[in-house]
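Down below is the structure, laid out as structure tokens.
Here, residue 1 is the first one in the sequence, and each next residue gets the next number. Both backbone and side-chain heavy atoms feed into the values below; hydrogens, waters and symmetry mates do not. Here the structure is a predicted model, which is why all the values come from computation and not from measurement.
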Amino acid sequence: MRLSLLIPLATMAAALTHPGMLHTTADFMRIKAKINAQSEPWLTGYTKLTSNSHAQTSYAMQGPVATVIRGTNAAAGSENYRKLYNDAAAAYQLALRWMISGDPAFADKAVQILDAWAGMLTAIDGTSDKFLASGLYGYQLANAAELLRDYDGWPAASFDAFKEMMVGVFYPMNVRFLDEHNGNPWYHYRANWDLCNMASALSIGILTDNQMMYDAAVDRFTTTTGTGNINHFIWQMYNEEGSGKHLGQNEESGRDQGHATLDFALIGAYALMAYNQGNDLFAYNSSQILAGAEYTAKYNLNFTVPYTPHVVPDYNETVISANGRGTIRPEWELIYAHYSSLKGQNASWTGQMRDLVGVEGGGGDYGGNSGGYDQLGFGTLMYRLE
């Protein structure tokens, strides 16, 4: 039996817009026009999507399971979370194909995946890594469902069952982690832990038309006690010589670049979902997110950046970490499109990192390990504006 719902599913429902997470109706109108005109790089981005093994009606589901386990321990058993991250990626990619092509076969397959998980999943367990699963796969599943919410082939009762699963399984873990940090001080868990759970809580609020959930998740951008708080996450600011632009040191810059880059995939998704509901977190504090993205992009392009030692009781990171420098993630299109193409701001390092990555793919295009599925991807197709 699922956990009882902590907050009614329809609190102040009228205020939220749909589809209104990572993608809007206007986005799909733009994307379809670009594809119909055979315009590049959107056409290549679309081919990247349609070529992915997860985006096929023949995709073989890897789940569902009753309990997702991330982080093996004696009580929970062996890890099986790869089943969920593969199926979440497939549901999202299939939903994109339906929204773009109009072919209901893709929607039917995505609904099959979401219904299967809604009918079986009751818990997420493991080590403390279970809170990574609740955050990462929570926001990914919610985004897939948001695209399918108006599909005639998804009965209202089934959609409601899916929302109940999200509120009963994922949301309580998101809030528990953000409030308690698994019994540790606020600085113990790194920024990506907070950011993925913030993204999940926000997306579940939108999915369920719950204004209270949504507002609470947006407020965490500046009020949460942990490292996902924007002023804890991008905590040291510099003026770049020559350009005069701001560069913002990331809380994970001294850890490794794999996680430092992941943070911008997550903060980008979180901020875009809020933006599509009318809350411009991108603009906060003279575009603090952009300052952080520029700093991380510049360093991963093999340029020198300033660094202030990150010293807290659990960490003593006296130099910036070169571990994983040059990490490739499909994440930079979103940030560049928002700041440079939409707002005309200087996002030159982000743009160069975008170009280094090339046409962005998604889950399945960056290896089989979980890191290749931490972000939904396909930014060239979905976010490129010019």
Could [X] and [Y] be called an ion pair, given the rule that one side-chain N must be under 4.0 Å from one carboxylate O?
X: Asp280; Y: Lys343; value: yes
X: Asp209; Y: Lys163; value: no
X: Arg190; Y: Glu317; value: yes

(request) For Asp27, enumerate each residue passing the salt bridge (Lys or Arg N to Asp or Glu O under 4.0 Å) test, keeping only those at least two apart in sequence or located in another chain. (result) Arg30
(request) Using salt bridge (Lys or Arg N to Asp or Glu O under 4.0 Å) as the criterion, list what pairs up with Lys34, not counting sequence neighbours. (result) none
Can you tell me how far [atom2] of [Y] sits from [atom1] of [X], rounded to the nearest 0.5 angstrom?
X: Asn231; Y: Gln236; atom1: CG; atom2: CD; answer: 12.0 Å
X: Leu114; Y: Lys109; atom1: CG; atom2: NZ; answer: 11.5 Å
X: Leu334; Y: Arg384; atom1: CG; atom2: CZ; answer: 12.5 Å

Centres of the [X] and [Y] rings: under 6.0 Å?
X: Tyr85; Y: His54; value: no
X: Phe303; Y: Trp349; value: yes
X: Tyr275; Y: Tyr270; value: no

Do you know which two heavy atoms are closest between [X] and [Y], and how far apart they sit?
X: Leu49; Y: Leu381; value: CD2-CD2, 4.0 Å
X: Ser203; Y: Tyr139; value: OG-CA, 3.4 Å
X: Ala110; Y: Leu148; value: CB-CD1, 3.6 Å

(message) A quick test of your reading: do over 12 heavy atoms of other residues, nucleotides or ligands sit less than 6.0 Å from CG of Asn302?
(response) yes
(message) Is it the case that over 12 heavy atoms from other parts of the model lie below 6.0 angstrom from the NE2 atom of His246?
(response) no
(request) Would you check if there is a donor-acceptor pair between the side chains of Arg255 and Ser321 at a distance under 3.5 Å? (result) no
All N/O donor-acceptor pairs, side-chain side in residues 350-357, below 3.5 Å, sequence neighbours left out:
unit_1 : atom_1 : unit_2 : atom_2 : d
Thr350 : OG1    : Glu294 : OE2    : 2.6

Listing, residues 123-136 side-chain donor-acceptor contacts under 3.5 Å, not counting sequence neighbours, or none:
unit_1 : atom_1 : unit_2 : atom_2 : d
Thr127 : OG1    : Asp129 : N      : 3.2
Ser134 : OG     : Phe131 : O      : 2.9
Ser134 : OG     : Asn197 : OD1    : 2.9

(request) List the steps and the verdict of side chain to side chain donor-acceptor pair (under 3.5 Å) for Gln249 and Tyr238. (result) CA-CA 8 Å; Gln249 183 176 320; Tyr238 310 93; 2.6 Å; yes
(request) Supply the members, apart from Tyr336, of the Ile/Leu/Val/Met/Phe/Trp/Tyr cluster built from side-chain contacts under 4.5 Å; use none for a lone residue. (result) none
(message) Running the 4.5 Å side-chain criterion over Ile, Leu, Val, Met, Phe, Trp and Tyr, what cluster does Trp186 land in, apart from itself?
(response) Tyr187, Val312, Tyr315
